[in-house]
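Note that the structure is a prediction, hence the values are computed from the model and not measured. A, B, ... follow the sequence lines: proteins, then strands. Residue 1 opens every chain.
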There are 2 protein chains.
Amino acid sequence: MLDRVRERILGRGIRGGEVPSCIAVVISAEAVGAHWWRKVGTVAGWCTTLGIREAALFSEFFGPEKVEDLERELADVPARGRLIIGAEERGFGKGGPLRLFISAGSGGKEEVTSAIRSLLVEVKAGVIDPEAVDEEAIEARLRLNLRPDLLIRLGHRELSDFMIWQSAYSELYFIDRSWDDLKKVDFLLAIRDYQRRERRFGR
Amino acid sequence: MLDRVRERILGRGIRGGEVPSCIAVVISAEAVGAHWWRKVGTVAGWCTTLGIREAALFSEFFGPEKVEDLERELADVPARGRLIIGAEERGFGKGGPLRLFISAGSGGKEEVTSAIRSLLVEVKAGVIDPEAVDEEAIEARLRLNLRPDLLIRLGHRELSDFMIWQSAYSELYFIDRSWDDLKKVDFLLAIRDYQRRERRFGR
């Protein structure tokens, strides 16, 4: 009841300001329950209501035995989803304005490494010159071609090797709560905090 | 006076616990005064007293016109220092147990990019096979071959593109203060906070 009142007040304030276009949420194994995917739809709904256009979730913990099972479990999520597990990528969700990415177990160093490997193959094949390889060339080969405005970390205060390249200038926000216990109020407080910051991108 | 008392109490508590072996401090242009290097010696002293063995400072702002001038300014710093500016690297400091790295303007994406470029050259020359390139191969070619246990960010709550690869699992701590105003008490509070965390490295 009290939460509802707070949600309304927070929501009203937030709609007056600039909402992050892209967010990332890092939920590592410990902060995740056995059925983490059941909450994905709820959080996708929060994002959509606020006008967030892209969201990336990271969990080290996979869950179901097969990718197909997880994909099926996520079928009703109100988003255009991509599920990334290792080198595999699958679609899920029932569509909507939100582009949602779920990375189950694929970390940032691995992502940068595989971008590099594909560059190496191109160099060996003579398609690209080593001199021509710059930050943009690497960025273009990352699996998650996103730039989170806000990165929310649940449970701990470290990045846990997610989107290390893309989050170089992301605003960081920590919530000391598990994924299962995450409330809309917590989420709204993170967005409000973001709105109060003056972004400088390192300058 | 009050600060001294707090320093003593904090210091005593800290010595009973595990001190981070390696720290990183991110101070971007805004949080840095015109003569930021004058404080380097003081902070190096704090690190040494606590038993910190490696520290890396990042400032986007260079300062003096010539590298040699900055090197001279830093001559009395109680540490074995390396000054990194672009591709240049110079020694400074009067020695001691602390290895101190100062990166003036060289960001993390640039660092990873140049590690990749050197790998690409080796691949083109046939020295390495693209298949053999893994996270360790990249890590070994980074300018700063460190792994910060604790990353302290002054002024803002984003990483500001410093050591993006190396800080994947660093504990993050924010201090809302400029470099010039940073007090020993702030620094000790960061270390104490670190000691109270349970590190999980994403697990």
Side-chain angles (χ1 to χ4, degrees), chain A residues 26 28-30 58 60-61 107-110 112-126 128-139 150-151 153 155-174 193-194 197-203, chain B residues 26 28-30 58 60-61 107-110 112-126 128-139 150-151 153 155-174 193-194 197-203:
Chain A
V26 177
S28 58
E30 193 211 22
F58 175 59
E60 303 251 1
F61 176 59
K109 289 184 185 178
E110 190 191 304
V112 174
T113 307
S114 72
I116 292 167
R117 259 201 223 112
S118 79
L119 274 168
L120 291 169
V121 171
E122 294 169 61
V123 165
K124 214 184 172 187
I128 310 176
D129 195 73
E131 303 300 308
V133 171
D134 55 9
E135 295 183 14
E136 285 69 38
I138 295 156
E139 220 153 271
L150 173 65
L151 184 145
R153 176 66 166 96
H156 288 277
R157 279 166 290 170
E158 42 92 356
L159 296 184
S160 210
D161 187 25
F162 185 50
M163 295 179 94
I164 54 170
W165 183 282
Q166 302 94 323
S167 67
Y169 294 113
S170 300
E171 295 295 328
L172 307 175
Y173 187 88
F174 303 115
D193 192 272
Y194 169 85
R197 298 189 191 181
E198 187 201 347
R199 297 195 71 188
R200 304 184 69 98
F201 301 93
R203 282 182 293 273
Chain B
V26 177
S28 57
E30 193 212 22
F58 175 58
E60 302 250 2
F61 176 61
K109 288 184 184 177
E110 190 190 305
V112 174
T113 306
S114 72
I116 292 168
R117 255 199 227 114
S118 80
L119 272 169
L120 291 170
V121 171
E122 293 170 60
V123 165
K124 213 183 171 187
I128 309 177
D129 195 73
E131 303 300 307
V133 171
D134 55 9
E135 295 183 14
E136 284 70 38
I138 297 157
E139 221 153 271
L150 172 66
L151 185 145
R153 176 66 167 94
H156 288 276
R157 280 166 291 169
E158 42 91 357
L159 296 183
S160 212
D161 186 25
F162 184 52
M163 295 178 96
I164 54 170
W165 182 282
Q166 302 93 322
S167 67
Y169 294 114
S170 300
E171 295 295 329
L172 307 176
Y173 187 88
F174 304 115
D193 191 272
Y194 169 85
R197 298 190 190 180
E198 187 201 347
R199 296 195 71 188
R200 304 185 69 97
F201 301 94
R203 281 180 295 271

Please state whether the side chain, the backbone, both or neither of [X] comes within less than 4.5 Å of a heavy atom of chain A.
| X | value |
| --- | --- |
| B:I164 | both |
| B:R197 | side chain |
| B:E110 | both |
| B:D129 | side chain |
| B:F174 | side chain |

Subject >> Electrostatic pair A:R199-B:E158, nearest N-O below 4.0 angstrom >> reply: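 The answer is no: the pair does not qualify as a salt bridge.
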Supply the atom-to-atom distance [X] [atom1] to [Y] [atom2], rounded to the nearest 0.5 angstrom.
| X | Y | atom1 | atom2 | answer |
| --- | --- | --- | --- | --- |
| A:E131 | B:L120 | CD | CG | 9.5 Å |
| A:E60 | A:F162 | CD | CZ | 10.5 Å |
| A:K109 | A:I116 | NZ | CD1 | 12.0 Å |

**OP:** Return the minimal non-hydrogen interatomic distance between A:H156 and B:E198, and the atom names on each side.
**Re:**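 So the two residues come closest at CE1-O, 3.6 Å.
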Original post:
Given that the side chain runs from C-beta out, which part of A:I138 has a heavy atom under 4.5 Å from chain B: side chain, backbone, both or neither?
Top reply: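 Side chain only.
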Original post:
Picking from B:G126, B:P130, B:G155, which has the most non-hydrogen pairs under 4.5 angstrom with chain A?
Top reply: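 Greatest number of close heavy-atom pairs with chain A: B:P130.
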Subject >> Option in B:D161, B:I128, B:V123, B:L159 with maximal non-hydrogen atom pairs under 4.5 Å from chain A >> reply: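 It is B:D161.
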Subject >> A:R157 and B:Y173: CA distance, side-chain angles, deciding distance, side-chain contact (heavy atoms from CB on, under 4.5 Å) verdict >> reply: CA-CA 8 Å; A:R157 279 166 290 170; B:Y173 187 88; 5.5 Å; no
